[in-house]
Amino acid sequence: MIKLCAQRKKLLGKWVSFAKIYSTSEAIQEVADATETVSKVMMSCPTLGLDTALNQTGVRVSPDLVENVLERFENAGMSAFRFFEWAEKQRNYSHTIKAYHLMIESLAKIRQYQIMWDLVNAMRKKGMLNVETFCIMMRKYARANKVDEAVYTFNVMDKFGVSPNLAAFNGLLSALCKSKNVRKAQEIFDVMKGRFMPDSKTYSILLEGWGKIPNLPRAREVFREMVCAGCNPDVVTYGIMVDILCKAGRVDEAVEVVKEMDANNCRPTSFIYSVLVHTYGVELRIEDAIDTFLEMERQGMKADVVVYNALIGSFCKVNKFKNVHRVLQEMECNGVAPNSRTCNVIISSMIGQGETDRAFRVFCRMIKLCEPDTDTYTMIIKMFCERNEPEMALKIWRYMKSKQFVPSMHTFSALINGLCEKGNAAKACVLLEEMIEKGMRPSRVTFGKLRQLLIKDGRDDVVKFLHEKMNLLVKEPLYD
């Protein structure tokens with residue numbers, strides 16, 4: 001009897017586990033289906049009628065659904081914001097911190113800074129603000145070359161009830177360095193390093209910043225200061241130093257750094273090998289690139305997609321596309337899936353060498369293996385525009401939209417510029433208006449080309465209408 005009860009308990013436990021897995025699987029599928037439904041509505045419905053259209057879907061709003069949609073529509077700031085506002089009104093739903101962060105990033109991307117700060121104030125009222133919120137904003141301001149605004153964001157953290165710590169300090173320095181404002185970052189570091197105790201990450205950020213300029217002597221100074229401050233170089237620091245030396249054309253010296261790592265029992269990463277392989281490729285030292293790749297394998301390290309991409313790039317540089325094919329076959333055999341970067345490296349190289357038909361064939365094959373990204377679509381659209389084939393460019397555009405892929409500002413610009421070159425002002429106007437609807441402000445060059453074409457056609461009224469549409473975009477750079 002006891003044995004029977006034990007068996008029943010065991011069977012019941014298995015059933016409960018199975019039910020949980022099945023229930024989780026159902027929930028994931030439900031969110032995926034709802035994401036597709038919402039995405040189709042957002043891609044096809046005008047902004048003004050979006051709320052009504054979303055209400056009619058009958059989808060159940062959940063944190064996973066909202067985060068999925070915001071990630072998918074990261075390039076469509078204002079459409080994403082309309083959805084964000086609609087979701088907030090739904091019963092039994094509250095935005096997560098991640099949802100707020102995704103929305104802040106999306107708005108900053110199209111420079112809707114006032115709305116971004118409105119969201120920050122909303123998060124403050126709900127007690128949801130954290131250091132990452134401010135790091136995101138600092139990063140986005142710096143990327144837009146708004147250095148003063150990035151520093152301002154760091155300085156007002158206290159006012160919002162968030163104490164700036166070392167992570168925030170590192171976040172500010174990183175934001176400035178990645179936007180090539182390393183001199184400002186170094187200045188802030190020198191003034192404030194007594195307030196925060198710098199760690200190896202702090203020095204690595206500055207090291208990488210000076211490497212981007214590039215300024216090898218200053219990078220060496222930071223490295224020496226780091227060691228003097230008692231921060232031992234780690235694998236990240238070594239990786240940055242190898243990258244800096246390679247970018248400065250000192251790949252042989254970078255190899256010596258790798259040997260130094262081995263001597264200090266610090267094993268090189270696949271990233272470090274990828275940098276060496278890529279640099280040898282740039283210098284057309286293809287044999288050295290291959291030897292480095294094989295050396296990595298001899299060290300017992302399995303190649304990942306990043307190293308394979310570097311090797312593919314090296315073969316592309318010397319126009320050895322048969323070798324590229326062999327590398328792709330090896331990736332397949334080793335279970336390493338190509339990514340959009342793989343696709344972009346090959347396509348970009350073929351376009352650069354005038355092999356545009358071949359590039360398009362690669363695009364058609366690769367979309368079956370991996371999802372294209374913004375760069376992929378932009379390259380192919382621009383390629384067809386430059387070949388005076390706007391219909392093919394529009395065909396790619398329609399395919400991209402059918403995949404619910406939201407074009408970026410650069411993708412819009414590539415197609416609008418191409419249409420202007422062919423004198424198709426009508427279609428270019430439709431796209432420019434769609435671009436503005438999504439909260440993206442066209443560049444002066446793009447708008448200037450279309451403006452000239454419209455004035456030539458005597459359509460000053462359309463120019464005025466587009467100017468008014470653009471002026472509706474929020475332009476205020478800072479809001480407190």
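In this chain, numbering begins with 1 at the start of the sequence shown. Every heavy atom of this structure was used, including side-chain atoms; hydrogens, water molecules and symmetry mates were not.
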**Item:** Worked verdict on Lys464 versus Asp460 for salt bridge (charged side-chain N to carboxylate O under 4.0 Å, His left out)
**Value:** CA-CA 6 Å; Lys464 185 181 178 184; Asp460 298 61; over 6 Å; no

**Message:** Using side chain to side chain contact (heavy atoms under 4.5 Å, CB included), reason through Lys89 and Asp51 one step at a time and then give a plain yes or no.
**Reply:** CA-CA 10 Å; Lys89 298 170 192 170; Asp51 280 24; 3.6 Å; yes

**Request:** Start with the C-alpha gap between Arg72 and Glu67, add the side-chain angles, then the distance that decides, and say whether salt bridge (charged side-chain N to carboxylate O under 4.0 Å, His left out) holds.
**Result:** CA-CA 9 Å; Arg72 184 174 289 194; Glu67 289 165 13; over 6 Å; no

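Taking a 6.0 Å sphere around CZ of Arg183, one finds it holds 12 or fewer heavy atoms contributed by other residues, nucleotides or ligands.
Taking the six-membered ring for Trp and thresholds of 30 and 60 degrees, Phe293 and Tyr308 have ring planes inclined between 30 and 60 degrees apart. Phe84 and Tyr100 have perpendicular rings, their planes meeting at more than 60° on a 0 to 90° scale where under 30° would count as parallel. Ring-plane geometry between Phe154 and Phe169 is classed as tilted, the angle between the planes lying from 30 to 60 degrees on a 0 to 90 degree scale. Taking the six-membered ring where tryptophan is involved, the planes of Phe384 and Phe360 are perpendicular, since the angle between them exceeds 60° and thus also 30°. Note on ring orientation: taking the six-membered ring where Trp is involved, the planes of His95 and Tyr93 are perpendicular (angle over 60°, cut-offs 30° and 60°).
Proximity of the aromatic rings of Trp397 and Phe405 is defined here by a centroid distance below 6.0 angstrom, and this criterion is not met. In summary, the aromatic rings of Tyr141 and Tyr113 are positioned with their centroids under 6.0 Å apart.
Within the 4.5 Å cutoff, side-chain heavy atoms of Lys427 are placed close to those of Leu394. Phe73 places a side-chain heavy atom less than 4.5 Å from the side chain of Ser39. Two residues are said to be in side-chain contact when any heavy atoms from C-beta on lie closer than 4.5 Å; Pro164 and Phe134 fail this criterion. Side-chain atoms of Ile244 and Lys212, non-hydrogen and from C-beta on, never get closer than 4.5 Å to each other. The shortest side-chain heavy-atom distance between Met78 and Glu437 does not fall under the 4.5 Å cut-off. In this structure, His467 and Phe447 have side chains that are in contact, with non-hydrogen atoms separated by less than 4.5 Å.
With hydrogens and angles disregarded, a donor-acceptor distance shorter than 3.5 Å links the side chain of Thr37 to the backbone of Asp33. Without hydrogens or angle criteria, Thr342 side chain to Asn339 main chain gives a donor-acceptor distance under 3.5 Å.
Ion pairing between a basic and an acidic side chain is recognised when a charged N comes within 4.0 Å of a carboxylate O; Glu149 and Lys140 show no such pairing. A salt bridge does not link Lys422 to Glu389: none of the charged nitrogens lies less than 4.0 Å from a carboxylate oxygen. Between Glu208 and Lys178, none of the side-chain N atoms (NZ, or NE/NH1/NH2) sits under 4.0 Å from a carboxylate O, so this pair counts as no salt bridge.
Scored by the side chain to side chain contact (heavy atoms under 4.5 Å, CB included) test, Asn323 finds Phe315, Lys320, Arg326 as partners (sequence neighbours excluded). Taking the side chain to side chain contact (heavy atoms under 4.5 Å, CB included) definition, one finds that Ser106 meets it with Ala80, Met103, sequence neighbours left out.
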